[in-house]
Protein chains: 2
Amino acid sequence: MTGVLVIEDDDRIRLALLLALEDEGYAARGAATAEEGLRAQRQDPADNVLVDLMLPGLDGFECIRQLRRDDDVPIVVISARDDTHDIVAALEAGADDYVVKPVAIKELSARLRALRRRARAAAPAVSVLTFGELEISPEAGEVRRDGQPVPVTRTEFRLLCELAEHAGRVLSRQQLLSRVWGYHTGDERLVDVHVGRLRQKIESDPANPRHLVTLRGLGYKLQR
Amino acid sequence: MTGVLVIEDDDRIRLALLLALEDEGYAARGAATAEEGLRAQRQDPADNVLVDLMLPGLDGFECIRQLRRDDDVPIVVISARDDTHDIVAALEAGADDYVVKPVAIKELSARLRALRRRARAAAPAVSVLTFGELEISPEAGEVRRDGQPVPVTRTEFRLLCELAEHAGRVLSRQQLLSRVWGYHTGDERLVDVHVGRLRQKIESDPANPRHLVTLRGLGYKLQR
DNA sequence: ACGGATTTGTCACATAACTGTCATGCAACC
DNA sequence: GGTTGCATGACAGTTATGTGACAAATCCGT
């Protein structure tokens, strides 16, 4: 089923849209603010996003930009204003289409379909981060060494991804604890243990790590 | 320079569009009939096509279909009629966008740009997804293993399609719940059960799945 | 509308896998 | 040489997953 996320602050309109979309066979979810919508999309990406321009807090334009930053999802603006400036600005910000409220659900649905037709094809090669003989693919949830899959646990994988995302930079134990575990306090030795386990799996000589290196007194970093 | 082909029978409007588009930095050409437009596009493909719906002879819808047959060019309909039926029909026929005359040239230009951003590298849509000995045909609603049809239930089929569409990527139980079942909350174990049943049917050794694999703590993925 | 067959969702349980803590020992630093 | 920081192995508690059983819901032909 195709998922749609509706970001719209007016409860009545949002609900109406959600119901109409579900009638059309979509799995529709709603968000009342840009922040909520961004969070929802990050957690469980929908296949389309509808966004109103006039939102409390973060406005629609900014919302679009942030959605675009880490996602290629088709974005349709639903606005009450039929104004060239707004339309151009929204499209420039990264939106794919702009419709003016009120809009017939059939039209909306057709526009979404047309967009997905485009988006699908332009699609997907799973991205891979490479560190010498190491390959890390966050999307595939997979780590390979010399092309061979390496079984890593969830925590190890998250830790590795975190380090890979900031390749070449030191991350302190505190930073890792907070980003990987969500702890904002806790025993920093925990990080050591997991780094150790990870090394056993991804380093050819775990005692003399080449990629996952310690910076005494600072933390760890992943290098090429 | 970006080329645009304008298919519009009204000389005044066509000329006005051509001039405005050139002002915007496009290399614009015109055609007064669908036949002429199709010929022009075949001979020297433009990067975008604008087409009016009301054309003498071959009408706009048919024109779009024929353009689509051998070309993946972004097509924008420019029509005088703001009618849901027309919009839906045009998009279904293969158009990418539909704007109502008169339209601000800045808006048109922005829409063209947004479309080109999406324009795909020609990739014929595959109707059968293959994973080793497994064949999944979403359109035919059929799954085969070594060429033999495998009876799967509707839920299993949707689940399989969802995984197949995102081949090689992990999908969390949440994502699957929301995309296959439309639940946005619920018991994640439900996914496990159906994955298990699916494995019984599509894996040669269900206890050691080769395609429908578990990523502990992350979710499931389908791989080749 | 009815009854049987199929499908779906829930539950409970077994088990394998993972996590965090701790203690110990080594290495680097001053 | 003393101190601090780090690596590592062991271990027990916790969690995640696979699976069989079962009841509710749905489908389907009559």
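Below, chain A is the first sequence line, B the second, and so on; all start at residue 1. Model, not experiment: these values are computed from the prediction.
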Contact interval (first through last nucleotide) of DNA chain C with protein chain A, 4.0 Å heavy-atom | dC18(C) to dC29(C)
Just checking, is any N or O donor in the side chain of R39(A) or T33(A) under 3.5 Å from an acceptor N or O on the other one?
-> no
Looking only at side chains, do T130(A) and E135(A) share a donor and an acceptor under 3.5 Å apart?
-> no
Side chains of Q43(A) and Q174(B), donor plus acceptor under 3.5 Å | no
Per-nt protein contacts along nucleotides 1-13 of chain D (heavy atom under 4.0 Å; B base, S backbone sugar-phosphate only, - none) come out as ---BBBSB-B---
Heavy-atom closest contact (S137(A) atom, V128(A) atom, distance) | CB-CG2, 4.1 Å
Side-chain H-bond candidate by donor/acceptor type, Y98(A) with S79(A), under 3.5 Å | yes
Does some side-chain heavy atom of D96(B) sit less than 4.5 Å from a side-chain heavy atom of L91(B)?
-> no
Is any NZ, NE, NH1 or NH2 atom of the basic residue among R199(A) and D192(A) found under 4.0 Å from an Asp or Glu carboxylate oxygen of the other?
-> no
Kindly write out the residues that satisfy ring-ring contact (aromatic ring centres under 6.0 Å, His included) with H194(A), not counting sequence neighbours, or none if the list is empty.
-> W181(A)
Polar side chain donor-acceptor pair, T2(A) to D47(A), under 3.5 angstrom | no
Residues passing the side chain to side chain contact (heavy atoms under 4.5 Å, CB included) test with E62(A), sequence neighbours excluded, are L58(A), D59(A), R65(A), Q66(A)
Apply the test side-chain contact (heavy atoms from CB on, under 4.5 Å) to residues V143(A) and I202(A): give CA-CA distance (whole Å), side-chain angles for both, the deciding distance (0.1 Å), then the verdict.
-> CA-CA 9 Å; V143(A) 181; I202(A) 65 173; 4.3 Å; yes
Five-pair end axes of the helix from dA1(C)-dT30(D) to dC30(C)-dG1(D), angle between them (10°) | 50°
State, without any angle test, whether H166(B) and Q175(B) hold a side-chain donor-acceptor pair at a distance under 3.5 Å.
-> no
Report the residue (K201(A) or H194(B)) whose heavy-atom-nearest nucleotide on DNA chain C is the more 5′ of the two.
-> H194(B)
Can you tell me the distance, in whole Å, between the CH2 atom of W181(B) and the P atom of dA25(D)?
-> 18 Å
Enumerate the residues from residues 153-163 of chain B whose closest heavy atom to DNA chain C is under 4.0 Å, giving them by residue number; use none for an empty result.
-> T153(B), R154(B), T155(B)
Residue pair F61(A), L53(A): steps toward the side-chain contact (heavy atoms from CB on, under 4.5 Å) verdict = CA-CA 7 Å; F61(A) 298 107; L53(A) 280 188; 3.7 Å; yes
